[in-house]
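Have a look at the structure below before the remarks.
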Amino acid sequence: MPGQTPDSNLIRGHLDLILLSILHGEPKYGLEISKQAQERTGGYFDLRVGSLYPALHRLEKARFIRGEFQDSSRGGSPVKVYALTDEGERELETRRKEFEVFSANLGQLWRMA
Amino acid sequence: MNDTERYLRAATKGLWGKQRRALRAELNGHIRVRIQEFMLGGLSESEAERQTLRELGAPMQVSRGMLSVHTLPALGKAGVVSLLVATALLSVAPKGYAQVSSQFLLSDDAQGPIDATSYLDFGQLKAELKKVGGAIVGPAQAPSISLPGVPHSPVALDLKNSPGTFFKREGHQYLSTGALLRSLFATGAAVRLDGWNPVRVHVNQTVLEIRTGGDLRVGNALYRDYLSMTLGGGLPPTLITQMDPAGLTGLTFTGPFHAGDVYAMVIPIFRSWWTMEGGVQKPGGSILLSLDINVAKEGVLTLNRSIVADPYRLTTSLSAFKTALEPYLSPTSQLSYWDAEHHAPMLLLKLSSKADGVPFTAVDPATVRAGINR
């Protein structure tokens with residue numbers, strides 16, 4: 001939904017799910033993650049650095065993602081690239097299902113209103 | 001120091017050693033790649049750097065976020081104080097001021113980030129106290145603090161009573177600012193705080209200037225401890241203080257606020273939990289106090305919206321606040337959230353640094369208007 005951004009509390013509440021979803025597939029570093037969040041949603045998700053890196057470190061600590069420094073494709077300073085672990089894949093699946101059930105039930109409430 | 005370096009220092013403030021180096025390298029990688037991208041787009045190197053740093057936002061947001069990530073797992077390793085140290089600064093002290101740097105730490109005795117507090121370099125404190133005619137005296141394991149012109153001096157520094165008040169790290173000794181304040185109160189002198197960076201502690205005619213290095217958490221910890229000691233008995237324990245000078249999540253009040261003065265909102269918050277008793281879940285809970293503190297601009301005070309109780313009503317004095325809060329402190333009170341029939345009593349205080357006056361006065365609710373600005 002271009003031109004619209006979600007409430008910051010909504011982002012905060014679902015940040016882990018957003019990050020795990022973006023990291024599903026190719027490993028990525030912080031800047032790529034934040035760009036993909038924007039590009040793949042037409043600018044809807046604008047992840048700020050202040051919440052992005054603490055969240056990545058939290059997920060790494062929980063062993064849902066693994067980070068390692070690699071030389072960037074543009075040369076120069078190394079970047080820390082994150083990939084989903086097997087545990088992270090399972091976590092993503094669980095959270096995705098939970099969210100779908102939650103969202104479907106919320107939809108029920110609106111239909112009944 | 002260039003702008004990127006300044007950003008990296010601020011964003012990694014509070015982290016030690018390996019964690020600090022790793023986060024620094026990670027952010028540096030982000031910045032370098034982004035600068036390259038902007039330069040490929042036609043910007044000069046300095047314009048690209050400026051644009052990148054603007055895009056990154058406030059570095060404090062990163063360092064704050066890291067607080068909760070990198071502290072909790074370090075809890076429980078006995079004898080080691082972990083992480084979260086703000087860079088300390090010490091510049092030339094004005095005459096008659098003892099000026100010490102402070103650091104923000106989470107000790108292993110802490111139960112979580114909310115227990116983290118600020119610390120002073122003990123060696124530096126000793127040296128600075130001499131400038132104002134005071135001293136740290138007595139044996140190293142039981143030191144006392146002496147100050148000129150106070151009713152009781154020296155008074156023992158209370159190091160053993162609370163965990164995490166004193167420790168050694170990398171050749172330095174650190175004393176929690178809370179322990180220092182307790183000792184200063186024990187001298188029987190009027191203790192007052194003012195300012196934010198630095199925070200000035202007035203003990204009669206002596207001024208102890210605590211440089212916070214711009215770390216808001218140091219000011220928060222100091223004012224939290226100070227107000228807990230000043231507000232007196234009959235109140236629940238103080239949980240947290242929080243301030244947000246940029247007013248990013250602000251609830252703005254307009255009224256008779258003076259630029260530069262420090263104000264504190266005393267807010268009761270519910271903490272509820274469940275316990276298992278004989279296989280049955282039973283609700284429990286209590287009220288704790290939150291102190292939301294900020295420095296006012298002329299006519300305007302912004303507080304952190306996220307911890308303001310809702311709905312609320314401002315009370316006219318500390319005693320009126322205590323009276324209004326009392327029914328909710330009873331173990332038989334079943335209330336676990338504020339509602340239309342039960343407005344949270346709140347108290348807005350203006351702090352004063354004058355030793356010959358009261359430490360705070362309640363702001364008259366009739367003169368204040370509230371409105372959410374963001």
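Below, chain A is the first sequence line, B the second, and so on; all start at residue 1.
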Is it true that, when you exclude [X] itself, more than 12 heavy atoms of the residues, nucleotides or ligands shown sit nearer than 6.0 Å to its [atom1]?
X        : atom1 : value
Glu26(A) : CD    : no
Asp86(A) : CG    : no
Arg95(A) : CZ    : yes
Arg40(A) : CZ    : yes
Glu45(B) : CD    : no

Could you tell me which portion of Arg32(B) (side chain, backbone, both or neither) has an atom closer than 4.5 angstrom to a non-hydrogen atom of chain A?
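Answer is side chain: those atoms of Arg32(B) sit under 4.5 Å from chain A.
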For Leu27(B), which atoms come within 4.5 Å of any heavy atom of chain A: side chain, backbone, both, or neither?
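The side chain, not the backbone.
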Restricting to non-hydrogen atoms, name the atom on [X] and the atom on [Y] that form the minimum distance, rounded to 0.1 Å.
X        : Y        : result
Ser77(A) : Gly29(B) : CB-CA, 4.1 Å
Ala22(B) : Phe69(A) : O-CZ, 3.4 Å
Arg48(A) : Glu55(B) : NH2-O, 3.3 Å

[X] [atom1] to [Y] [atom2] distance, which is reported to the nearest 0.5 Å:
X        : Y        : atom1 : atom2 : value
Leu56(B) : Tyr53(A) : CG    : OH    : 8.0 Å
Lys80(A) : Asn28(B) : NZ    : CG    : 14.0 Å
His30(B) : Ile33(A) : NE2   : CD1   : 10.5 Å

